Participant: 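Supplied in structure tokens, the structure appears directly below.
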Amino acid sequence: MDDFLPFTRPDIDEATIAEVAAVLRSGWLTTGPRCRELEAQLSVRAGGRPVRLASSATAALEFALRIAGVGGGDEVITTALTWVATANAILAVGATPVFVDIDPRTRLLDLQRVPAAITPRTKAILPVDLAGLPLDREALYELAQRYGLRVIEDAAQAQGAQWQGRELGSFGDLTVFSFHPNKNITTGEGGCLVMNTAEEARAFELWRLQGVERAPDGTYDCVLPGGKANLTDIAAAIGLGQLRRLDELNARRRVLAQRYFACWPHAELGPHWQLPPADFTNSNWHMFQVLLPAAQASQRPALLAQLKELGIGAGVHYPAVHTLSLYRSQGWQPTDLPHTLDVAARILTLPLFPAMPDAAVERVCAALVTATQTWRAA
Ligand SMILES: *Cc1c(COP(=O)(O)O)cnc(C)c1O
């Protein structure tokens, strides 16, 4: 269908496309001046803290854990209402993810439940700012300080989001952003880590590219078993064009989110749907996620199919990580995290992206009313 409305779509302007073409013509495609420029500009937004790019946020998460000294036998406290990358990165460094339940209102890690999950092996907390809604940074860092834990912020979805007037990444411990095409700004694929010191940035560079240290005379040494996760200048050129527009793109998302609240068909849909927290100062509105009525959770697949027939792409972000085979095999039971289980069963991501016209919000709301008519007849 021509006017199919996806749940998200990247927005690349012509100036950016021209800059990518310029890189292709330049003869230098891999990591080079465009990457260094993007790191410098991301660092400006991060209040001067060092920032390094990687080929994905997943790689950046893994390097962040290594830089924080997390390894075999350690435990990392995190949420299960996230993309599997969050937990997989913890396993990748040989540590164990310890899932703590969410606050069902914010859908974020419930910090009040964290102390009970801390053991002598706990090294770090790895929270996720799901949908770009920031977790309470004051409470987070108060807790981390009290228990002597490192913090790796999985802010993959939260570029440009703020906590009390300060942009995420401009304060705190280690912060990861993703530039996957579904995120608020993209490099095609890519991610970055904001760090505290030049030493941490140096370690990131080693983990990113084969652990190779180059001497001024052109010789090199290998000092740790790094991988291959550098970004290309082609990707960085996309990122530079996107970063210029980050505030504009996020402002447009905020307008559309407000429109969902204004247009929401409360009367037709009834009182049992749950809208996201109406935060128009901190959140970057990476996603607009509603919860189906608990009684209708099992209808979600049918609803997704019907919305698709009506030309609307909705999504499920995310199935609870602890219910997936790998984590089940490590001993996690679905009912270990009752709020996560409930929210994951009911959550639905509705279309929201900067190029979406205002009227598309009404179209989505009308489609929800149409698609759920049979529920009300029953
Ligand atoms: C997208 C995402 C990641 C992974 O990002 P990639 O760049 O695809 O590796 C990690 N965590 C969360 C919460 C994400 O949304």
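In this chain, residues are counted from 1 in sequence order. Start at 1 and go down the list; that is how both ligands and their atoms are numbered. Everything numeric in this text was worked out from a predicted model, so none of it was measured.
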Participant: I need the full list of side chain to side chain donor-acceptor pair (under 3.5 Å) pairs touching residues 130-142, with sequence neighbours left out, sorted by first then second residue.
Facilitator: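 Checked against side chain to side chain donor-acceptor pair (under 3.5 Å) - neighbours excluded - the pairs reaching residues 130-142 are Asp129-Arg137, Arg137-Glu153, Tyr141-Glu153, Glu142-Arg146.
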Participant: Can you tell me the protein heavy atom closest to atom 1 (C) of ligand 1 and the distance?
Facilitator: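 Of the protein heavy atoms, Lys183 NZ, 1.5 Å lies nearest.
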Participant: Does Phe177 reach ligand 1, in the sense of a heavy atom lying below 4.0 Å from it?
Facilitator: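 Contact absent.
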Participant: How far is atom 7 (O) of ligand 1 from its nearest protein heavy atom, and which residue and atom is that?
Facilitator: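 Ranking protein heavy atoms by distance from atom 7 (O) of ligand 1, first comes Ser178 OG, 2.7 Å.
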Participant: Residues two or more places apart in sequence or in another chain: which of them pass ring pair (Phe, Tyr, Trp, His ring centres under 6.0 Å) with Trp332?
Facilitator: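 Scan of Trp332 (ring pair (Phe, Tyr, Trp, His ring centres under 6.0 Å), adjacent residues dropped) gives Phe99.
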Participant: Do any nitrogen or oxygen atoms of Glu189 come within less than 3.5 Å of a nitrogen or oxygen of ligand 1?
Facilitator: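 No, there is no polar N/O contact under 3.5 Å.
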Participant: Give me the nearest non-hydrogen protein atom to atom 15 (O) of ligand 1 as residue plus atom name, then the distance to 0.1 Å.
Facilitator: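 Checked against all protein heavy atoms, atom 15 (O) of ligand 1 sits closest to Gln157 NE2, 2.8 Å.
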Participant: Are any of the N or O atoms of Thr82 closer than 3.5 Å to those of ligand 1?
Facilitator: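 No, Thr82 has no N/O under 3.5 Å of an N/O on ligand 1.
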Participant: Nearest protein heavy atom to atom 3 (C) of ligand 1, by residue and atom, and its distance?
Facilitator: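 Nearest neighbour among protein heavy atoms for atom 3 (C) of ligand 1, to 0.1 Å: Trp83 CD1, 3.6 Å.
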Participant: Specify the protein heavy atom at minimum distance from atom 11 (N) of ligand 1: its residue, its atom name, and the distance to 0.1 Å.
Facilitator: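 Protein heavy atom at minimum distance: Asp154 OD2, 2.8 Å.
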Participant: Which ligand 1 atoms does Ala85 reach within 4.0 Å, using its non-hydrogen atoms?
Facilitator: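 By the 4.0 Å cutoff, the relevant atoms are 4 (C), 10 (C).
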Participant: In the protein, which heavy atom is nearest to atom 9 (O) of ligand 1, and how far is it?
Facilitator: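 Protein heavy atom at minimum distance: Thr58 OG1, 2.5 Å.
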